[in-house]
> 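Could you have a look at this structure, given as structure tokens, before my questions?
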Amino acid sequence: MVAISFLFLVCSFSFHLHAVAQPRNSTIRLGSSLTPKPTGKSTWLSPSSLYGFGFYPQGKGYGVGVFLAGVPQRTVVWTANRDDPPLPSTASLVLTTDGRLILQSPPRRDVYIVPDAFQKIAAASMLDTGNFVVYNSDEDRIWQSFQYPTTSILQGQPLSAGKELVLEQEAATASFSRMLVLQVS
């Protein structure tokens, strides 16, 4: 009887440890959407909530990208469609049921956030590394933000040959930007 009680205690303790050690699921499913409106969901968070993918304030509108979400000032580390003008509050980001990640901002046409995915997207995740990843139905990575650096390089992110890192700094009182472009050959 003591052995059975001990076995039950060990199993209960193991189950408790297993349940506590499981990270929060950060899988973004087909049909999910974001909006910059205060009444809607604007961000898909990483499991630790350190990084987010979604809308952030940009100029007189919004941008879409990856940013540090666990700090008061949202520091942007990757931007989708960096050269496009800020988006209005009526924009939405949708992982469609047919496997596309698109930005809808009427009256503009839909814009693909992942334009070069050769396969349909089945799910996405915002990882604790700051990498936004999309997967196919076999759960293979088919696209990731780390492959397309824009403004920052994060720990563990490679800067591949032929890719550029563009750092921009707006002067507070001037109407120009200073730019530094790094390219790996």
> Applying the 4.5 Å side-chain criterion to the ILVMFWY set and letting contacts propagate, would V133 and L45 be lumped into a single cluster?
no
> Quick check: do N81 and V64 have side-chain heavy atoms less than 4.5 Å from each other?
no
> Does the side chain of T43 reach to within under 4.5 Å of the side chain of Y51, using non-hydrogen atoms?
no
> Hey, is the main chain of A123 close enough, under 3.5 Å, to the side chain of R29 for a donor-acceptor pair?
no
> Apply side chain to side chain contact (heavy atoms under 4.5 Å, CB included) to S125 and T27, showing your working.
CA-CA 5 Å; S125 290; T27 301; 4.3 Å; yes
> So if you build clusters from Ile, Leu, Val, Met, Phe, Trp, Tyr with side-chain heavy-atom gaps below 4.5 Å, do I28 and I142 land together?
yes
> Tell me yes or no: between the side chains of T96 and D98, is some donor less than 3.5 Å from an acceptor?
yes
> Under the ring pair (Phe, Tyr, Trp, His ring centres under 6.0 Å) criterion, do Y148 and W143 qualify, and how do the steps go?
CA-CA 9 Å; Y148 302 92; W143 185 93; 5.6 Å; yes
> Taking N131 as the fixed residue, which of R141, Q157, M126 is the one that meets the side-chain contact (heavy atoms from CB on, under 4.5 Å) rule?
R141
> If I take atom CD1 from residue I121 and atom CG from residue L101, how far apart are they, to the nearest 0.5 angstrom?
5.5 Å
> Report yes if the side chains of L93 and F53 come closer than 4.5 Å at any heavy-atom pair, otherwise no.
yes
> Keeping the roles fixed (side chain from N136, backbone from D138), state whether a donor-acceptor pair exists under 3.5 Å.
yes
> For the backbone of S48 and the side chain of D128, can you confirm whether one donor and one acceptor N or O come within less than 3.5 Å of each other?
yes
> Verify the cluster assignment for W44 and V134: are they in a single hydrophobic cluster under the rule of side-chain heavy atoms below 4.5 Å apart?
yes
> Just so I know, are the side chains of T129 and Q155 near enough to count as touching, which here means a heavy-atom distance under 4.5 Å?
no
> Where the side chain of T150 meets the backbone of T79, is there a donor-acceptor pair that is under 3.5 Å apart?
yes
> Distance from I153 atom CD1 to F146 atom CZ, nearest 0.5 Å?
8.5 Å
> Can you get from L87 to V114 by hopping between Ile, Leu, Val, Met, Phe, Trp and Tyr side chains that sit under 4.5 Å apart?
yes
> For S33 and V94, work out which heavy atoms get closest and say how close.
CB-CG2, 4.0 Å
> For L34 versus F55, what's the shortest heavy-atom pair and its separation?
O-CE1, 3.5 Å
> Do you know which two heavy atoms are closest between A91 and P36, and how far apart they sit?
O-CD, 3.1 Å
> Quick one: CG on L103 to CD1 on I113, what's the gap to the nearest 0.5 Å?
5.0 Å
> Kindly indicate whether the side chain of P149, heavy atoms from C-beta on, has any atom under 4.5 Å from the side chain of W78.
no
> On a heavy-atom basis, which atom in A69 and which in G52 lie closest, and how many Å separate them?
CB-N, 3.9 Å
> Got a donor-acceptor contact below 3.5 angstrom from the S92 side chain to the T35 backbone?
no
> Are side-chain heavy atoms of P86 and Y62 found at a separation under 4.5 Å?
no
> Can you confirm whether V76 sits close enough to V66 that some side-chain heavy atom of one is under 4.5 Å from a side-chain heavy atom of the other?
no
> Rounded to the nearest 0.5 Å, what's the gap from CG on L30 to CZ on R100? Could you check?
11.0 Å
